[in-house]
Amino acid sequence: MTTKTIEIGEFTLKRVQEYVWEMPQEGDMRVPARVLASEELLSEIKEDKTLTQLHNTTQLPGIQEYALCMPDGHQGYGFPVGGVAGIDAEDGCISPGAVGYDINCGVRMVKTNLRYEDIQGTEEDLVNALFANVPTGLGGGGVVNNAPVEEILERGVEWAVEEGYGVETDLAHCEDEGFRAEADATAVSQKAKDRGRNQAGSLGSGNHFLEVQRVTDIYDDNVAAEFGLSKDQIVVLIHCGSRGLGHQVCTDYLRDIEQTHEGLLNQLPDKELAAAPAGSRLAEEYYRAMCGAINFAWTNRQLITHQTRQVFERVFDRSWQEMEMELLYDVSHNIAKKELHTIDGEQKELFVHRKGATRAFPAGRPELPPAYRDVGQPVIIPGSMGAGSYILRGGEQSLDETFGSTAHGAGRLMSRTQAKSEYWGEDVMDDLREQNQIYVKAESGATVAEEAPGVYKDIDDVVTVSDTLGIGDKVARTYPVCNIKG
DNA sequence: ATGTGC
């Protein structure tokens with residue numbers, strides 16, 4: 001491979017290896033930045049403010065090694081979606097904008113023992129039953145209304161299991177066992193709690209969805225067998241977050257941090273990067289509130305899992321246990337977490353910020369549950385509703401290259417406004433049904449237009465970068481059967 | 001993403 005340099009606006013990116021572009025450290029940058037992308041993906045990334053935001057990110061106090069942009073990166077609030085930053089948890093800072101407004105937005109995959117032929121012909125019944133039983137769209141209305149928010153914030157999925165919305169084995173198949181112990185409900189404002197109270201068990205809007213899929217390709221027979229995945233198997237993917245509660249937590253702390261830590265803010269190139277110094281009262285409080293919102297989001301996905309199991313029981317007339325509707329895994333893609341990483345040969349505690357990036361720990365990491373400790377964690381990467389998704393396995397290189405992270409999805413190609421000017425929801429749904437036998441049911445046609453397959457990058461290209469770099473290895477691919485949205 | 005704004 002020849003060395004190559006690309007000039008993009010004010011930035012010079014040097015290709016340091018295939019799919020790795022480095023922005024050298026200069027000026028006020030504390031570390032260099034790296035974009036992991038093919039030339040094609042880079043040409044899409046350069047179209048918005050992603051590179052400027054990535055450059056800004058390198059100025060966060062305590063940032064280690066590199067500011068990173070995953071192959072699905074695009075611009076976000078202050079910090080790119082698809083951004084990863086490992087920041088010293090003792091001397092650095094924590095930044096709400098580097099976690100995102102939708103705290104613990106993430107995906108979980110529920111397996112079944114059904115084959116594609118078992119459900120052909122029932123797609124419309126299934127999509128209607130799912131739509132009728134899983135709350136979708138903006139505003140209130142959840143599986144549980146007037147929910148005990150404080151308890152959910154502090155106990156996470158364990159609360160749901162205790163209430164009969166899941167089983168013990170669900171806990172072991174969720175990142176962090178569906179629970180962050182540092183959560184503190186008293187750090188979450190009354191307004192945030194009030195917004196969450198009637199949203200426990202609701203999909204929301206935007207890119208969130210519940211999709212029934214079939215496994216179409218297996219790339220690694222051994223790992224797929226460990227994960228319990230096989231060709232033509234039916235699986236369910238649930239993509240949603242912490243709804244208005246997490247959004248309010250982000251809003252509350254951004255405002256407070258901007259005012260309280262104005263000195264630090266003035267040193268940063270973008271107000272949207274507002275950060276609280278490690279060890280400060282607000283850093284601690286934000287972390288505890290964020291962990292609460294994380295627990296709420298996991299519980300949200302657990303309640304939706306419960307509804308999904310019930311719908312399958314009615315449509316296929318047998319128990320969910322009989323259909324082996326066990327969780328593969330639940331992964332977050334908007335979080336910060338204290339993790340130990342090796343920096344210059346020494347173990348260091350970092351706030352790893354992953355915003356639109358998925359943890360991708362390889363075999364051996366102590367955080368992994370017993371089922372995956374010897375194989376590496378399942379990483380679930382959802383594509384657009386016309387494309388299907390990937391299941392990867394945390395790669396051996398991820399700890400060295402990306403603080404144990406990879407991409408989180410296809411990544412948007414255009415704004416929601418632009419999408420609505422190019423697509424009409426009803427047409428998108430008709431095309432998917434007639435040309436691809438994909439059945440979509442949505443609360444709002446506008447949302448379908450905003451999420452049309454053509455609005456997204458090619459998920460295959462994104463995953464190729466992850467697989468080639470060894471940060472997340474291809475295990476299996478799925479294709480949509482039916483999809484419900486907000 | 002979001003009871004989609006200062």
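Chain letters run A, B, ... following the sequence lines, proteins first and then strands; every chain starts at 1. Given the structure is predicted, the values throughout are model-derived calculations rather than measurements.
Rounded to a whole Å, the NE2 atom of A/His208 is 16 Å from the P atom of B/dT4. Between the C1' atom of B/dT2 and the CZ atom of A/Arg416 lies a distance of 10 Å, rounded to the nearest Å. Distance A/Leu254 CG to B/dT2 P: 17 Å, rounded to the nearest Å. In this structure, the CZ atom of A/Arg255 is 18 Å from the P atom of B/dT2, given to the nearest Å. Rounded to whole Å, the distance from NZ on A/Lys485 to P on B/dT2 is 11 Å. In this structure, CD of A/Gln199 is placed 9 Å from C1' of B/dT2, rounded to the nearest angstrom. One interatomic measurement links the two molecules: CG of A/Asn334 to P of B/dT2, which rounds to 11 Å at whole-angstrom precision. If you take CG of A/Asp102 and P of B/dT2, they are 6 Å apart, rounded to a whole angstrom.
A 6.0 Å sphere centred on NZ of A/Lys338 holds more than 12 heavy atoms belonging to other residues, nucleotides or ligands.
A/Phe79 does not carry A/Lys355 over the face of its six-membered ring by the limits of under 6.0 Å from the centre and within 45° of the normal. Taking the ring centre of A/Tyr329 as origin, the terminal cationic atom of A/Arg108 falls outside the region bounded by 6.0 Å and 45° from the ring axis.
Within the 4.0 angstrom heavy-atom criterion, no nucleotide atom of any strand lies near A/Thr251. Residue A/Gly241 is classed as having no contact, given no heavy-atom separation below 4.0 Å to the nucleic acid. Nucleic acid contact class of A/Glu450 (heavy atoms, under 4.0 Å, all strands): none.
For the residue pair A/Tyr456/A/Asp72, the side-chain donor-acceptor check at 3.5 Å is not satisfied.
A close approach under 4.0 Å does occur between a side-chain nitrogen or oxygen of A/Arg243 and OP1 or OP2 of B/dT2.
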